[in-house]
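Keep in mind it's a predicted model, so treat the numbers as computed, not measured. The residues of the chain are indexed from 1 along the displayed sequence. Both ligands and their constituent atoms are indexed starting at 1 by order of listing.
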Amino acid sequence: MKKVMLIFGTRPEAIKMCPLVNELKTRKNLQTIVCVTGQHREMLQQVLKIFDVVPDYNLDIMKDKQTLFDVTTSILSKIKEVLEKEKPDVVLVHGDTSTTFVSALACYYLQIPVGHVEAGLRTGNIYSPFPEEFNRQAVSIISKFNFAPTQMAKENLLKECRDEKTIYITGNTAIDALKTTIKKDYYNEHLQWAKDSRLIMLTAHRRENLGEPMRNMFKAVKKIVEEFKDVKVIYPIHMNPVVRSIANEVLGDMDRIKIIEPLEVVDFHNFLAQSYMILTDSGGIQEEAPSLGKPVLVMRDTTERPEGIKAGTLRLVGTDTKVIYDNFKQLLVDKNEYNKMSEAKNPYGDGTACIQIADILEKNLGE
Ligand code: UD1
Ligand code: UDP
């Protein structure tokens with residue numbers, strides 16, 4: 001029997017890998033092992049619980065205010081033993097976090113084949129997003145199976161001379177997850193609080209935005225809320241203490257802004273579905289929003305998800321207070337502009353990415 005090990009460590013990786021774990025576990029001729037690095041702690045546990053995934057290994061590396069050096073060295077030193085003990089036939093990593101890069105690097109050192117889920121996303125600027133663009137480019141050098149979500153992602157890999165035979169377009173497993181979470185009759189008391197208002201969902205956490213850029217984003221949100229009395233904001237805040245302190249400083253005492261703890265993914269997806277629009281610097285939310293038909297102002301200078309821009313759902317607005325404010329205001333006052341951005345389109349596949357990836361692995365590992 002061939003052995004597949006999945007390694008992941010943060011919330012978004014878990015959301016997009018747990019459906020794959022559960023699919024792989026249905027395959028009788030594959031043995032599936034899960035190793036979490038614990039780069040995230042509470043935010044990871046939330047997701048594992050929802051998808052009922054119990055890891056075989058937890059490296060439990062998270063430290064408060066961890067640096068890239070902390071994460072990289074802790075994972076690299078602890079993962080060796082697990083890989084040497086289990087000797088998997090393939091290791092699957094996801095996306096672009098430090099967990100992703102370091103796990104792939106460890107596999108390379110031990111000459112274990114790597115499969116990269118969500119391969120081929122690019123901004124072309126290794127400092128934006130930081131360090132994710134470097135991480136995903138580096139993993140592409142190593143990986144033997146590249147599971148690209150879209151044709152554009154495949155083309156990015158081909159431009160870097162990756163062998164076409166290693167690239168499979170599967171759609172994004174985010175859509176597989178989204179298919180299971182949205183509920184028509186969803187109820188939550190936070191949504192009741194916002195029911196007579198236009199609800200804006202806000203998230204922010206990117207490393208390159210910590211400090212002034214994040215302060216600038218929040219100032220724009222504050223200005224809009226002061227001006228538009230029918231707007232309420234729910235902000236499920238990331239657990240990073242640096243993010244928390246900036247958010248409390250700028251948005252802490254606003255009646256129509258609720259800063260709440262990170263939501264479980266089922267809740268978060270339903271909050272998005274019931275919102276008017278979204279402001280974020282997140283990656284994954286840029287994939288979910290087009291399916292839900294919710295306009296997104298992406299508060300970053302670059303995006304690796306041009307499919308959502310092309311679909312018309314995403315608008316890249318950077319981190320300047322005035323630019324965010326102007327775009328935000330336009331979508332509140334100009335119904336035409338809002339309608340143009342709120343058509344539900346899904347560039348990320350039909351929700352069968354996990355089945356396709358499992359099929360490809362069964363076929364190729366069997367040979
Ligand atoms: C990480 C990823 C980023 C991804 C994001 C998803 C890297 C370098 N960054 O960034 O690509 O978009 O996850 O959210 O891989 N913390 C907790 N509990 C948790 C999680 C985090 O307390 O469950 C706090 C800790 O103080 C931790 C800090 O948040 O040190 C930052 O976590 P870290 O994983 O280093 O960075 P993220 O910004 O979460
Ligand atoms: N998400 C969640 N709860 C929250 C906020 C986000 O479950 O309170 C989900 C969201 O639906 C998406 C993922 O977390 O699937 C995005 O995670 P994050 O923004 O932390 O990371 P990124 O995608 O930017 O790497």
Side-chain angles (χ1 to χ4, degrees), residues 8-19 36-51 60-72 74-75 93-103 118 121 128-136 139 172-178 181-182 188 190 201-210 214 234-245 258-273 275 278-289 291-292 294 296 298-300 303-305 348:
F8 51 92
T10 67
R11 168 173 68 189
E13 294 166 83
I15 291 170
K16 297 187 224 175
M17 288 291 253
C18 285
V36 297
T37 61
Q39 177 177 338
H40 281 177
R41 188 165 293 144
E42 301 85 344
M43 287 162 61
L44 177 68
Q45 287 308 326
Q46 273 186 324
V47 184
L48 294 172
K49 192 181 93 198
I50 290 283
F51 288 96
D60 197 23
I61 62 119
M62 198 197 88
K63 284 201 278 196
D64 201 30
K65 295 193 185 174
Q66 60 204 2
T67 65
L68 295 177
F69 291 88
D70 296 328
V71 177
T72 303
S74 313
I75 296 174
V93 295
H94 179 277
D96 54 23
T97 69
S98 291
T99 286
T100 315
F101 164 63
V102 180
S103 307
E118 198 177 283
L121 279 63
S128 178
F130 173 82
E132 291 82 2
E133 177 69 8
F134 165 79
N135 289 341
R136 56 189 167 226
V139 175
N172 196 308
T173 60
I175 305 302
D176 301 31
L178 200 58
T181 51
I182 299 292
N188 185 291
H190 291 305
M201 290 302 293
L202 171 65
T203 83
H205 71 84
R206 295 239 85 79
R207 205 168 270 269
E208 69 273 18
N209 288 339
L210 298 176
M214 199 167 279
I234 296 182
Y235 178 7
I237 195 164
H238 193 287
M239 295 193 77
N240 189 336
V242 184
V243 173
R244 289 184 172 217
S245 108
K258 241 187 203 228
I259 301 181
I260 59 174
E261 288 304 314
L263 286 166
E264 289 191 348
V265 63
V266 173
D267 297 306
F268 188 73
H269 284 173
N270 283 285
F271 276 44
L272 292 185
S275 70
I278 302 157
L279 272 78
T280 190
D281 65 3
S282 161
I285 295 170
Q286 296 180 54
E287 289 149 1
E288 295 159 351
S291 282
L292 299 170
K294 298 298 169 182
V296 183
V298 182
M299 299 183 292
R300 296 168 45 176
T303 182
E304 57 294 280
R305 278 133 174 131
Y348 292 109

Considering both backbone and side-chain atoms of [X], is one of its nitrogen or oxygen atoms within less than 3.5 Å of a nitrogen or oxygen in ligand 1?
X: Thr99; value: no
X: Asp96; value: no
X: Glu42; value: yes

With a 4.5 Å limit on heavy-atom distance, are the side chains of [X] and [Y] in contact?
X: Phe101; Y: Ile75; answer: no
X: Met17; Y: Val36; answer: no
X: Arg300; Y: Gln286; answer: yes
X: Glu287; Y: Glu118; answer: yes
X: His238; Y: His40; answer: yes
X: Thr100; Y: Arg136; answer: no
X: Val71; Y: Ile61; answer: yes
X: His94; Y: Pro12; answer: no

- Message: Checking Glu264 against Lys49 for the side-chain contact (heavy atoms from CB on, under 4.5 Å) test, could you report, in this order, the C-alpha distance in whole Å, the side-chain angles of both residues, the deciding distance, and whether it holds?
- Response: CA-CA 9 Å; Glu264 289 191 348; Lys49 192 181 93 198; 2.9 Å; yes
Quick one: does ligand 1 sit under 4.0 Å from the side chain of [X], the backbone, both or neither, non-hydrogen atoms only?
X: Lys63; result: backbone
X: Pro131; result: side chain
X: Thr100; result: neither
X: Asn240; result: both
X: Pro241; result: side chain
X: Pro12; result: side chain
X: Lys65; result: backbone

- Message: Closer than 3.5 angstrom, by distance alone: can the side chain of Lys294 be matched with the main-chain N or O of Ser275 as a donor-acceptor pair?
- Response: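 Checked: pair present.
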- Query: Hey, is the main chain of Phe69 close enough, under 3.5 Å, to the side chain of Thr72 for a donor-acceptor pair?
  - Reply: no
Can you list the ligand 1 atoms lying under 4.0 Å from a non-hydrogen atom of [X]?
X: Arg41; answer: 19 (C), 23 (O)
X: Ser98; answer: 7 (C), 8 (C), 15 (O)
X: Met43; answer: 19 (C), 20 (C), 23 (O)
X: Thr97; answer: 11 (O), 15 (O)
X: Leu68; answer: 8 (C)

- Message: One thing to verify: whether Glu132 and Arg206 come together as a salt bridge, which I'm taking to mean a side-chain N less than 4.0 angstrom from a carboxylate O.
- Response: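 Salt bridge between Arg206 and Glu132, a charged N being under 4.0 Å from a carboxylate O: yes.
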- Query: Which option, Glu13, His40, His205, owns the non-hydrogen atom nearest atom 18 (P) of ligand 2?
  - Reply: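 It is His205 whose heavy atom sits nearest to atom 18 (P) of ligand 2.
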- Note on the structure: Heavy-atom proximity to atom 2 (C) of ligand 2 ranks first, among Thr280, Thr203, Leu263, Asn240, for Leu263
- Run the numbers on Thr97 and Glu13 for side chain to side chain donor-acceptor pair (under 3.5 Å), then give the verdict. CA-CA 8 Å; Thr97 69; Glu13 294 166 83; 3.0 Å; yes
Could you check [atom] against the protein and tell me its nearest heavy-atom contact, residue, atom and distance included?
atom: atom 33 (P) of ligand 1; result: Gln66 NE2, 3.3 Å
atom: atom 7 (O) of ligand 2; result: Val265 CA, 3.4 Å
atom: atom 9 (C) of ligand 2; result: Ile15 CD1, 3.5 Å
atom: atom 4 (C) of ligand 1; result: His205 CE1, 3.7 Å
atom: atom 25 (O) of ligand 2; result: Pro12 CG, 3.3 Å
atom: atom 39 (O) of ligand 1; result: His40 NE2, 2.6 Å
atom: atom 36 (O) of ligand 1; result: Arg207 NH2, 3.7 Å
atom: atom 1 (N) of ligand 2; result: Phe268 CD2, 3.5 Å
atom: atom 5 (C) of ligand 2; result: Arg11 NH1, 3.4 Å

- Message: When you compare the side chains of Thr37 and Thr99, does any donor N or O come within less than 3.5 Å of an acceptor on the partner?
- Response: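 Yes, side-chain donor-acceptor contact under 3.5 Å.
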- Task: Looking only at non-hydrogen atoms, find the nearest pair between Phe130 and Glu208 and report the distance.
- Result: N-OE1, 3.3 Å
Interfacing atoms of ligand 2 (cut-off 4.0 Å, heavy-atom, [X]):
X: Gly283; value: 22 (P), 23 (O), 24 (O)
X: Pro262; value: 8 (O)
X: Ser282; value: 16 (C), 18 (P), 19 (O), 22 (P), 23 (O), 24 (O)
X: Gly284; value: 22 (P), 23 (O)
X: Pro236; value: 8 (O)

- Item | Residue-ligand contact Gln46/ligand 2, heavy atom below 4.0 Å | no
For ligand 2, the portion of [X] having any non-hydrogen atom under 4.0 Å away:
X: His269; result: side chain
X: Glu288; result: side chain
X: Met43; result: neither

- Query: Does some non-hydrogen atom of His238 fall short of 4.0 Å from ligand 1?
  - Reply: yes
- Message: With a 4.0 Å cut-off on heavy atoms, is Gly283 in contact with ligand 1?
- Response: no
- Task: Take Arg305 and Leu121, measure what side-chain contact (heavy atoms from CB on, under 4.5 Å) needs, and give me the verdict at the end.
- Result: CA-CA 7 Å; Arg305 278 133 174 131; Leu121 279 63; 3.6 Å; yes
- Task: Take Ile50 and Thr181 through the test side-chain contact (heavy atoms from CB on, under 4.5 Å) and record every step on the way to the result.
- Result: CA-CA 10 Å; Ile50 290 283; Thr181 51; 5.8 Å; no
- Working to the nearest 0.5 Å, report the span between CD1 of Ile234 and OG1 of Thr203. 13.0 Å
- Task: Would you give the length of the straight line joining atom CZ of Arg244 to atom CD1 of Ile259, rounded to the nearest 0.5 angstrom?
- Result: 9.5 Å
- Message: If you apply the rule side-chain contact (heavy atoms from CB on, under 4.5 Å), what do you find for Phe8 with Lys16, and how did you get there?
- Response: CA-CA 10 Å; Phe8 51 92; Lys16 297 187 224 175; over 6 Å; no
